[in-house]
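Chain naming here is simple, since letters A, B, ... match the order of the sequence lines and numbering starts at 1 in each.
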Amino acid sequence: MSDAIIRFEGVTKSYDGVTQVVKALDFSVLRGEFVTLLGPSGSGKTTTLMMLAGFEDPSSGAIMFDGRLLNHVPAHQRGIGVVFQNYALFPHMTVGANLAFPLEMQGVARAEREARVRAALDMVKLGALADRRPSQLSGGQQQRVALARALVFRPKLVLMDEPLGALDKQLREHMQLEIKHIHETLGVTVVYVTHDQGEALTMSDRIAVFHNGRIQQLASPGEIYERPANAFVASFIGENNRLDGTIESMADGVARVRLADGSIVAATPGPGVGSGARVTLALRPEKVRIGPDAGGENRFEARIEELIYYGDHTRLRLALGGGEDFTARLTFKDALARPERGDVIPVSWRGVDCLALAPEEA
Amino acid sequence: MSSRLASRRNVMAAALIAPLFLLVALSFLAPLATTLYRAIEDSDFSLALPKTSRSLQQWDGVALPPEEAFRSFVEELRQAQQDQAAGAILNRLNFEETGLRTLLLQATRASGRLAEPYRDSMIALNPRWGDPALWRLFKRATGPFTSLFLLRSLDLKPTDQGVAKAAAQDAVFLPLFWRTFEISLVVTILCALLAYPVAYTLSILPQGWANVGMMLVLIPFWTSILVRTTAWFIILQREGPINALLMAMTLVDQPLTMIFTRFAVYIAMVHVLLPFAILPLYSVMKGLKPDYMRAAASLGAPGWKRFLRIYLPLTMPGVAAGSLMVFMLSVGFYITPALVGGPGDQMVSSFIAFFTNVSVNWGMAAALATLLMAMTGVLVVVARLVVPGFRSGGVKA
Ligand SMILES: Nc1ncnc2c1ncn2[C@@H]1O[C@H](COP(=O)(O)OP(=O)(O)OP(=O)(O)O)[C@@H](O)[C@H]1O
Ligand SMILES: [Mg+2]
């Protein structure tokens, strides 16, 4: 469980020889792990996956798979299962024939082939549909067939490029769990691409956050959420208040940050920031406390700009620290009764909840 | 109220499509219907010899017709000769049985001298007039419809007893149909085989080069068939550039005979029809998502298996569409075989042209055209049933 099955070593990729869409990738994926590549559109996720599958060649660097240099191995000899976003089921074959195809290529005997196709279809709960054509299936069913086809030849690694992108929300959530269960049952290594952070957080062992062709952070969902490595990760994952400032001093793991309006905030320095550095403070709305005796060393008076009712909580947009879109959540537990627009209320937060991160690169 | 509104809408809609409908009806359905009608219509005899026709229609056909029929026949022949209207009927009857022209001409010329009783004087003129079978042939020619042309197009002929094989020298049409379909099939297969790699190459070239390649395909396509065929005529001649080159290279010591052969017909027809095979294939190949081939690779299929198992079946609708087009066009080809082929390479169309322009036998021309259309239709339906990928609807994602 601890040895790396995939290792990227200084991999770069450029389609046109000018712009690098993937820059110096260095990371590894452990055997049996579920790793998600998460990032905004155009950040290089699909490109990374295509290089792994063998549909694109890296411009430089090495990709190791199971201790073997993969760079010049043709795609059909890699033994890596791929689930495509549009499923790419062969329209002229039945579901059963689609699943039997990789087994035929491996030279599996007919009887065993049929047994394995049936088992794979049962696994995705489509046992009765073996004789249908893909065009006679619903989107969700096609998705399951694609999943079964990528798994039926028992690859050590399965790549999935936004496999649930075409499904509606409910089905997507259901399939997330199902894929997760299949991963746990089979113990296969999965590299999964999505730009849906919720999907990444629920499914992954680790998440690689991509931005501009680089991995910004590769860590467990909890760590990504709680301790984002930089301002991009902080803003991309979940909701964050952002305040720009400069570190005045650092002592005992606490940074004192001066904001634009001159006020000083105590914050926890993120990786790679030091005294005098320009930083972006990241603070989750649910960590902002409201009320005069809420505790927390950073205390501010903030004017309410807007109230938005959400049922279980009310979202407040506040003017604070020189900006006007500082967000806090007001729940029933908060002492403050019915605040109104224009009220000035006391807010506070703890230094440990507030991260001082390197700002986003331009 | 609302139903009246709806019916007004329907009238409006009908009025809007009426011009289109009329255009289709006039330019397509009407000629088609006329052709079908011409193939079975038979009015030459009854127009030229109306009274004779009536008598013959009443005659029981067993013994000789009554004297009255003979009298009308002689009188009407005399009249036709004066009006110079005997040509059509001579053609019509001589087509059904060679030799009747001579017999009728003799009777026409003698018609002034013949006296009553006409039956006896005609038999005296030529004993054939005493043969009831001849008169039964005339009775069949009184129309209004005949199976003669359709049967003759199939190398058969109508007789008193029903249908029989046509005389050996008239039995040329079945081999002609066979040859037409053979040439068309060979041309179709050659076009498909040549178009496939060309379309594939065009589909994977970078856009700029693909445009250049497409121009190379399309420029000949825009050139008149006549011009292209003439070009082949020049190229393939005994003194043409190919023979000159072969001689210069001393590969042959006397010029090859290429012009006026089946080979020349194939080469020129394939050249003329190739774009029709390339264009639909190109569009299918261009529209095929690379994901299918990638999926096949990820599932362990090497290049040639990807081609055979995935690419070929998925591009079959393009092959089918192109082949269908080429086949349909080949079947009707006329100019190209006429210019570069020999006498044994002519297709049905050249006989249709012959019957329309030279022998002015509209019935035969229409019958050949009708049968060609029907046979092509049957072949296409059969092909749709037995050739995989032909029912293009089956292979769509
Ligand atoms: N075949 C190609 N040729 C040229 N440029 C390409 C090609 N494929 C991708 N790119 C470029 O590479 C960059 C990264 O693309 P990639 O498909 O890897 O992004 P992604 O992270 O998968 O985005 P998305 O979430 O939109 O799928 C983009 O700027 C894209 O325009
Ligand atoms: Mg992508």
Classify the ring geometry between [X] and [Y] as parallel (under 30°), tilted (30 to 60°) or perpendicular (over 60°).
X        : Y        : value
A:Phe34  : A:His183 : perpendicular
A:His92  : A:Phe90  : tilted
B:Phe307 : B:Tyr196 : perpendicular

Salt-bridge test for A:Glu56 and B:Arg294: reply yes if a basic N is under 4.0 Å from a carboxylate O, no otherwise.
yes
Scored by heavy-atom pairs under 4.5 Å with chain B, the best of A:Glu104, A:Gln85, A:Arg78, A:Met50 is A:Glu104
Residue part contacting chain A, namely of B:Arg309, when any heavy atom lies under 4.5 Å
both
Part of A:Phe153 within contact of chain B (heavy atom distance under 4.5 Å)
side chain
